[in-house]
Amino acid sequence: MPAYTATVTVRLKHGVLDPEAETTQQALERLGFDLEDLRSADRFEVDLDAEDADAAAERATEMAERLLANPTIHDYDVEVTEA
């Protein structure tokens, strides 16, 4: 089976408090950077074998839904590349 790398990016939904991003944004603004908004995210890279890219994306999506993201407060994206 071919090897793939699935990248799952998990971030808080808009409207959910993100104290890490708020603190970082304030620090960047003190350094002179003009920002409209800043959000933090977690990125997971999963190496897996699958029959094709669609199957790899399906498995990574299941991982996100079951463990990596809380659907109540998180949005997530899945990208798959051939390893």
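Values reported hereafter were calculated over all heavy atoms of this structure, with side chains retained and with hydrogens, waters and symmetry mates removed. Model, not experiment: these values are computed from the prediction.
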Q: May I ask you to check whether over 12 heavy atoms, not counting those of L17, lie within 6.0 Å of atom CG?
A: no
Q) What residue among Q26, E20, Q25 forms side chain to side chain contact (heavy atoms under 4.5 Å, CB included) with E22? A) Q26
Q) Side chains of M63 and V8: closer than 4.5 Å at any heavy-atom pair? A) no
Please report, to 0.1 Å, the donor-acceptor pairs under 3.5 Å made by any side chain of residues 73-83, with sequence neighbours excluded.
residue	atom	partner	partner atom	Å
H74	ND1	N70	N	2.9
Y76	OH	E65	OE2	2.8
D77	OD2	R11	NH1	2.9

Q | Hydrophobic cluster membership, L48 vs V10, 4.5 Å side-chain cutoff | A | yes
Q: Report yes if some heavy atom in the side chain of D37 is under 4.5 Å from a heavy atom in the side chain of R39; otherwise report no.
A: yes
Q: List the atom of S40, the atom of A21, and the distance in Å for their closest heavy-atom pair.
A: N-CB, 3.6 Å
Q: Determine whether Y4 and D52 make a side-chain contact, defined as any pair of heavy atoms from C-beta on separated by less than 4.5 Å.
A: yes
Q) With no hydrogens and no angle check, is any side-chain donor or acceptor of R66 less than 3.5 Å from a backbone partner on T61? A) no
(Q) Please determine whether side-chain contact (heavy atoms from CB on, under 4.5 Å) holds for the pair L35 and E29, giving the CA-CA distance in whole Å, both sets of side-chain angles, and the decisive distance to 0.1 Å. (A) CA-CA 7 Å; L35 305 175; E29 288 171 344; 4.1 Å; yes
**Q.** Interatomic distance, E45 atom CD to T9 atom OG1 [nearest 0.5 angstrom]
**A.** 9.0 Å
